[in-house]
Number of protein chains: 2
Amino acid sequence: MVQIPNTPTSADVARLAGVSRATVSYVLNNTSAVRISEPTRRRVHEAARELGYVPHAGARSLRAGHSRLVLMPAPAIPMGPLYNRFINELQWALGRLDYTVVQYGSVGLRGDEAARAWAELRPVAVLVPGAEMGPGGVQVLKRSGARAVVTLGPGRVEGAHALLMDHAAVGHCAGAHLYERGRRRIGVVLPEETALEAYSRPRLAGVRQALRGTDATVTELPLAYTEEAAARLAARWRESGLDAVFAYNDEYAMLLMRALQDEGARVPRDVALVGADDLMLGRLLRPRLSTVHIELPSGRDLAELVDRAVRDPGGEPEVRKVLGASVVPRESS
Amino acid sequence: MVQIPNTPTSADVARLAGVSRATVSYVLNNTSAVRISEPTRRRVHEAARELGYVPHAGARSLRAGHSRLVLMPAPAIPMGPLYNRFINELQWALGRLDYTVVQYGSVGLRGDEAARAWAELRPVAVLVPGAEMGPGGVQVLKRSGARAVVTLGPGRVEGAHALLMDHAAVGHCAGAHLYERGRRRIGVVLPEETALEAYSRPRLAGVRQALRGTDATVTELPLAYTEEAAARLAARWRESGLDAVFAYNDEYAMLLMRALQDEGARVPRDVALVGADDLMLGRLLRPRLSTVHIELPSGRDLAELVDRAVRDPGGEPEVRKVLGASVVPRESS
DNA sequence: TTGAAAGCGTTACCAG
DNA sequence: CTGGTAACGCTTTCAA
C-alpha cells in the first residue's frame with residue numbers, strides 16, 4: 001500500500017485509531033475536562049506517530065480565536081553579541097511559557113505598512129525593537145488581536161508597553177567619566193550609517209547633558225566605518241584641539257584609535273578614548289580600550305512581562321527603564 | 001457609535017460596503033477571472049481602510065491548502081556581519097517574490113523535535129542553516145506540506161536541496177597559503193564553544209588536506225574565547241615549535257596575536273597568523289591580519305532557487321557548492 | 001456583475 | 001466515556 005504523501009490531519013489519525021476526531025483532539029491536547037481510557041489514548045498516540053501527524057497551527061488559532069505566536073521584527077542591522085544573547089534568552093524563556101517566537105524580517109517595509117504585514121499572522125504579542133513603529137502601527141496590531149505590544153527602544157508609543165532603552169545613559173556615563181579625568185574638549189563620533197542614528201543621537205545627547213553647565217565643549221564627529229574615513233578624521237586632529245573622544249561604540253573606537261596612533265597621537269596622553277559595548281576585542285588593543293558596559297534586561301523578565309500583558313490585555317501599559325550603563329575604565333582614558 | 005475593538009473580518013467589510021464576502025475577496029485580491037465594477041471596488045477598498053481590515057493569513061492558507069511562509073531557523077550563535085548581510089538580502093529577495101520570511105528561534109529544541117515545531121506553521125519552504133537537521137526532519141517537513149527544504153551547511157541531507165558551504169575550502173586556502181610562505185609546523189585553533197564545531201572541524205580538515213603528502217605537520221590548538229586561555233596557549237609557545245597558526249577566524253586570531261606578542265613572539269617572523277572572515281578590525285592590528293575572505297552566495301540566487309523548488313516540488317534536489325574562499329594576504333603571514 | 005454555499009483543520013459544546 | 005456537529009475567516013466554484 002503506497003502512502004499518499006498528503007498532509008495527515010486529525011481526521012486521518014482518528015480513522016486509523018478507530019475513534020472520532022474529537023477524541024483525537026482530547027488525547028493529543030491532554031484535555032483534563034474529559035477522561036479517555038488508557039487503551040484509547042495509546043491507540044491515538046500510536047496512530048499519530050505512525051502517520052507523522054503535526055497539528056496545523058493556523059487552523060488551531062482560527063478555531064481558538066488567538067494564537068501563541070510572539071512576533072519580533074528582526075533588526076536590519078546586526079546589534080552585537082550582547083543584544084543577541086538577550087534575544088536568545090528571551091526566545092528561550094517565552095518558549096518555556098509555551099509561546100512560539102518568530103522573527104520577522106522587516107526589510108523593505110516601513111512604518112505602518114510593516115505593522116499590517118505582521119498583523120496578518122495574528123500574533124498574540126509583538127515586540128518591536130528600535131523606534132520604527134508609530135501609534136498607528138500599534139492600533140493596527142491591537143485591532144487584529146495582538147494582546148500586547150512591547151517596544152524596546154528609546155521612547156514610548158501610545159498604547160504600547162515600553163522597555164525604555166535610554167541610550168542617553170550610555171553617553172552620559174562616558175561624558176561624566178571623561179570630565180572627571182580632566183578632559184574638556186570632547187568629541188563624539190557619530191556613525192554615518194543612518195540606521196544607527198536611533199542610537200547615536202541619544203548617546204550624543206547624553207554626553208551633552210553630562211557636560212551641561214560645565215566649561216567643557218562637545219564636538220560632533222561624523223565618521224563612516226572605513227579606514228580612509230578614520231584616517232581623514234585623524235589628520236584633522238591637531239587643529240581640532242580635542243583632548244577626548246567618545247566613539248559611539250568599541251568598533252568605531254578601535255578604528256579611530258588606530259588612525260590616531262598612526263598620526264602620532266598618544267592615547268591617552270594626547271587624547272582619551274572611550275567606546276561602548278565592552279567587546280572582548282577592545283581589551284586586545286594597546287592601550288586597552290576604556291568602554292561603557294551596557295546591561296540589558298534579562299530575557300526572563302521580559303518574557304514574564306509579555307506573559308502578564310497577554311493574560312491581562314486591559315492593564316495599563318507598563319513603562320520600565322531597563323538599560324544599565326557603567327564605565328569600564330581601562331587604559332585609553 | 002462605539003467601535004467594538006473586535007478584529008474586523010471580511011464579512012464586516014462586506015457588510016459596511018453593502019456587498020457579499022465573495023465580492024470583497026475578489027476586490028482585495030485583484031482576482032482577474034472576475035470583473036467588478038469600479039464603484040464597487042472603491043466602496044470595498046474604502047470600507048476595508050475604514051475598518052482597518054487585515055486578512056487572516058492562517059485562514060487564507062487553510063483554505064488555499066498552502067502558505068507563502070518561508071521558515072528559516074535562526075542560528076543560535078551570531079554568525080558575523082557577512083552572514084547577516086546574506087540573510088537580509090535573501091529576505092528582501094524572497095519578499096519581492098511575495099513570500100513571507102520568518103526566522104524561528106531554534107533555542108532549546110533539537111533534532112526532529114524542532115522540525116515538528118516548524119511544521120506546525122505549515123511553511124511552503126524551509127531553509128536550514130548548519131547541520132542540525134537529519135533526513136527524518138526533512139521527511140516531517142515535506143509530509144506537512146513544505147514544498148522545498150534547503151540546507152545551508154557542510155553536507156547534504158536526503159530529500160533536501162543543498163547549498164553546500166564547504167568550510168574545508170577555508171582551511172584549505174589557509175593551509176596552502178602558509179605552506180607557500182615556507183611554514184611547516186602549523187597550528188590550527190579550534191574554538192572550545194561546541195556550537196562552532198560544525199565549522200571548525202571542516203576548516204581543520206581543509207588544512208590537513210592542503211598539507212597532505214607534504215613535510216608539514218598540523219597541530220590542533222583548542223582555545224576558549226578568553227584572554228586567559230589565549231595567554232596560557234601563548235605561554236606554551238616556544239616549546240611547541242610551531243611557526244604558523246590558522247586561527248579559525250579573525251576574532252580568535254586577534255586574541256591569539258595579542259597574547260603571542262605579549263609573550264615576545266614576533267609576528268610574522270617567529271610565527272605567521274591567518275584568520276578568516278575578513279573583518280574590518282583585522283586591518284587595525286599591527287601587523288595587519290592576514291585572513292581568508294569568504295564569499296557567500298547572493299541572496300537573490302538563493303531566493304530564485306527556493307522559488308523554483310516551490311513551483312516544481314517534484315524536481316530532483318539541487319546540490320550546489322556556494323562557498324568561495326580566498327586568502328587576503330596582509331602583514332601577519 | 002454579484003451572491004450563496006462548501007470546505008480547509010481544529011476544538012468545544014452537548015447528546016448519547 | 002465517546003461521537004456528532006458547529007464555528008472560526010477565507011476563497012472559489014456554481015448559480016442567478
Side-chain angles (χ1 to χ4, degrees), chain A residues 6-44 47-48 51-69 100 119-124 143-145, chain B residues 6-44 47-48 51-69 100 119-124 143-145:
Chain A
N6 256 345
T7 313
T9 73
S10 75
D12 296 323
V13 176
R15 199 156 20 223
L16 183 57
V19 299
S20 76
R21 284 172 19 250
T23 306
V24 170
S25 175
Y26 292 145
V27 172
L28 295 182
N29 295 305
N30 273 322
T31 307
S32 50
V34 189
R35 299 190 61 77
I36 306 283
S37 71
E38 201 47 48
T40 306
R41 305 180 78 87
R42 213 191 309 282
R43 282 218 314 287
V44 169
L51 292 177
Y53 168 72
V54 177
H56 188 304
R60 176 179 284 172
S61 77
L62 183 56
R63 166 66 224 224
H66 60 263
S67 69
R68 296 292 287 177
L69 193 69
T100 296
E120 291 196 0
L121 298 180
R122 294 294 192 274
V124 69
R143 279 284 267 263
S144 66
Chain B
N6 259 345
T7 84
T9 73
S10 77
D12 296 324
V13 177
R15 200 158 12 216
L16 182 57
V19 299
S20 75
R21 283 172 23 246
T23 306
V24 171
S25 175
Y26 290 144
V27 171
L28 295 182
N29 296 305
N30 272 322
T31 308
S32 50
V34 190
R35 301 192 61 79
I36 306 284
S37 70
E38 201 46 51
T40 306
R41 306 181 77 86
R42 212 190 311 281
R43 281 218 314 286
V44 169
L51 292 177
Y53 170 70
V54 177
H56 187 305
R60 175 179 285 169
S61 76
L62 184 57
R63 167 68 223 226
H66 60 263
S67 70
R68 296 292 289 176
L69 193 69
T100 296
E120 292 195 1
L121 298 179
R122 294 293 190 275
V124 69
R143 280 284 268 265
S144 65

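Lettering follows sequence order; numbering is per chain, from 1.
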Checklist entry - E38(A) has an atom CD; how far is it from atom C1' of dT2(D), in whole Å? => result 16 Å
Item to check | Under 4.0 angstrom between T23(B) side-chain N/O and dT1(C) OP1 or OP2 | outcome: no
Next on the checklist: Can you build the contact string for nucleotides 7-12 of chain C? Use B for base contact, S for sugar-phosphate-only contact, and - for no protein heavy atom under 4.0 Å.
Outcome noted: BBBBBB
Next on the checklist: Could you report the tightest heavy-atom contact between T40(A) and V19(A), atom names first, then the distance?
Outcome noted: CG2-CG1, 3.9 Å
Checklist entry - Just by modelled atom types, is the A57(A) backbone N or O under 3.5 Å from a matching donor or acceptor in the R68(A) side chain? => result no
Checklist entry - When all nucleic acid strands are considered with a 4.0 Å heavy-atom cut-off, which category describes S61(B): base, sugar-phosphate, or nothing? => result nothing
Item to check | V24(B) side chain near V27(B) side chain, heavy-atom distance below 4.5 Å | outcome: no
Checklist entry - So, does R21(B) use its side chain to make a donor-acceptor pair with the main chain of S10(B) at under 3.5 Å? => result no
Checklist entry - What closest approach, in Å, do P55(A) and R122(B) show between heavy atoms, and which atom pair accounts for it? => result O-NH1, 3.3 Å
Checklist entry - For the pair made of NE2 in H66(B) and P in dC10(D), what is the distance, rounded to whole Å? => result 17 Å
Checklist entry - Between N29(A) and R60(A), is any pair of side-chain heavy atoms under 4.5 Å apart? => result yes
Item to check | Nearest-angstrom distance from the residue atom CG of N6(B) to P of dC8(D) | outcome: 11 Å
